[in-house]
Amino acid sequence: MKVLVVGGGGREHAIVWKVKQSPLVNKIYCAPGNAGIAEDAECVDIAASDSNKLLKFAIKEKIDLTIVGPEAPLVNGLVDLFEENGMTAFGPSQRAAELEGSKAFCKYIMNRYDIPTADYRVFDDYETARSFLGRHNGPIVVKADGLAAGKGVIVCQNRRQSLSALHQIMKDRAFGEAGDKVLVEEMLVGDEVSVMALSDGEHFVTLSPSQDHKRIFDNDQGPNTGGMGAYAPTPHISDETMQYIEKAIIAPTIKGMALEDRPFRGVLYAGLMMTKEGPKVLEYNVRCGDPETQVILPMAESDLVEAIMAARDGALDKMAWKNRSGAAVCVVLASGGYPGPYQKGKKIHGLDHQWDDGVFVFHAGTKRQGKDIVTDGGRVLGVTALDASIPQAIDKVYKAIKWIAFDGAYYRKDIAVRALR
Ligand code: AMP
Ligand code: GLY
């Protein structure tokens, strides 16, 4: 098979790395990819947002399977465009991707199909929202309805903060059109975990549960980022809890989407809060998590391409997803200043180190400049270590990361430490 992976971050590098191990595959392209992906696949200079160029390329190269990494092309209908033109692309249709594209739609599905989530209200009018928030002075969460690159959620401690968040979203239009509507949500408290399921629209398999680290500084301090590290599996989810999550959350969502005539084929990512009353959904994403994928795929024994083809054929009930024993930890190496402004073009040293078995360096924001590889984004690399246990994987990953250096490099020192508490 010839496979095309769309995207160019750490998640896509992990996908390319895993696809490369499949005996079903003999050629991998990635659009646009990055300097690390270029070692494992042929990168083509087409942006993930350029649907028409991607389609033309796929037709010309007779691509058998296109795997879409990021949410924006899915929400914009890339998979529909490919399928209308007789090409196989894996990911939800535009109508199914609305689960991530609109938080109001996501809440509608959860309410209609009795999926545990925070209580909420939707407002499309600033004054009505303001008067609602004015009557409430406790902690509350204010969210822009649409896609806001992971930044449209503001967790507020009191009325002053919530009114300011509302103003930012609906008046200052900080997230553009994503702020046409706002959701106001009850604040949930607990440990956050990520559960991803691969679905064919009817059946599904769940991947290893994992935990992201969203804040920039150790001990979960500072602003939210795209994710500073992850580990899997997480001890916050026992086998019993996982069964409950499958039964009470994933299954009714897949079933509900089919009943709504929006069958969900792709990776359904549930962001969950483990509250005192049990797991509740914070949000759905319609693609693999980043950086969760950088630990989930190294943990997987199963062939990703075989699973995706089974999903395409509606045959996931005949497939078991197998994980390795042990644990994986990924630490993100970021540019100094991220998630605020940062510089690019810093030469990265140490990438040619002879890594121990079970160490993988996934590239996110990198590019080649002459004979050097330089930084080209906020999150630069995701260093993953696979070992027999979480403490061993932590030890291995932090030993490995010391070999890599660039001007201003920053990483958290406490990834996966929560798992030990
Ligand atoms: P999202 O972009 O929807 O994943 O939200 C970003 C982050 O905001 C989540 O990972 C949570 O940490 C936090 N968050 C979202 N909704 C809630 C909620 N209802 N209660 C508490 N925290 C929340
Ligand atoms: N790790 C969070 C996300 O992928 O949205």
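First listed ligand is number 1; within each ligand, the first listed atom is number 1. All of these numbers come straight from a predicted model, not from anything done at the bench.
- Contacts between Arg11 and ligand 2 below 4.0 angstrom, taking non-hydrogen atoms only, are absent altogether.
- For the 3.5 Å distance criterion, the side chains of Gln211 and Thr234 fail to qualify, holding no donor opposite an acceptor.
- Defined by atom type and a distance below 3.5 Å, a donor-acceptor pair is missing between the side-chain atoms of Asp239 and Gln243.
- The N/O atoms of Asp290, backbone and side chain alike, include one that comes under 3.5 Å of an N/O atom in ligand 2.
- In summary, the atoms of ligand 2 found under 4.0 Å from a heavy atom of Gly289, numbered by their order in the structure, are 4 (O).
- In summary, the atoms of ligand 1 found under 4.0 Å from a heavy atom of Lys214, numbered by their order in the structure, are 10 (O).
- Annotation for ligand 1: atoms under 4.0 Å from non-hydrogen atoms of Glu283 are 1 (P), 2 (O), 3 (O), 4 (O).
- Under 4.0 Å from ligand 2, not a single heavy atom of Glu192 appears.
- The distance from ligand 1 to the heavy atoms of Glu186 drops below 4.0 Å at these ligand atoms: 18 (C), 19 (N), 20 (N).
- Here is the list of ligand 2 atoms found below 4.0 Å of a heavy atom in Tyr269: 1 (N), 2 (C), 3 (C).
- Checking only distances, Asn224 never comes within under 3.5 Å of ligand 1, N or O to N or O.
- When Val153, Val281, Ile154, Leu282 are ranked by how near their heavy atoms come to atom 8 (O) of ligand 1, first place goes to Val153.
- The atoms of ligand 2 that sit less than 4.0 Å from any heavy atom of Lys214 are 2 (C).
- Nearest to atom 13 (C) of ligand 1 by heavy-atom distance, out of Leu188, Val142, Val155, Asp119, is Val155.
- With Cys330 as the fixed residue, the side-chain contact (heavy atoms from CB on, under 4.5 Å) test singles out one of Leu381, Val295, Leu386: Val295.
- Listed by number with element, the atoms of ligand 1 under 4.0 angstrom from any heavy atom of Met187 are 20 (N).
- Atom CD1 of Ile67 and atom CD1 of Ile15 lie 6.5 Å apart (nearest 0.5 Å).
- Within ligand 1, counting atoms from 1 as listed, the ones closer than 4.0 Å to a heavy atom of Lys103 are 3 (O).
- Taking every non-hydrogen atom of Asp212 and a distance limit under 4.0 Å, the qualifying atoms of ligand 2 come out as 1 (N), 2 (C).
- Atom OG1 in Thr384 sits 9.5 Å away from atom CD1 in Ile401 (nearest 0.5 Å).
- Of the N and O atoms on the side chains of Tyr108 and Glu98, not one donor lies less than 3.5 Å from an acceptor on the other residue.
- With a 6.0 Å cutoff to the six-membered ring centre and a 45° limit on the axis angle, Lys107 does not count as a cation-pi contact of Phe105.
- Among all protein heavy atoms, the one lying closest to atom 5 (O) of ligand 2 is Arg287 NH2, 3.0 Å.
- Geometrically, Lys171 engages Tyr126 in a cation-pi contact defined by less than 6.0 Å to the ring centre and at most 45° from the axis.
- With salt bridges taken as basic N to acidic carboxylate O contacts below 4.0 Å, none links Asp376 and Arg368.
- Ring geometry for Phe132 against Phe123 counts as tilted: the plane angle lies between 30° and 60°, on a 0 to 90° scale.
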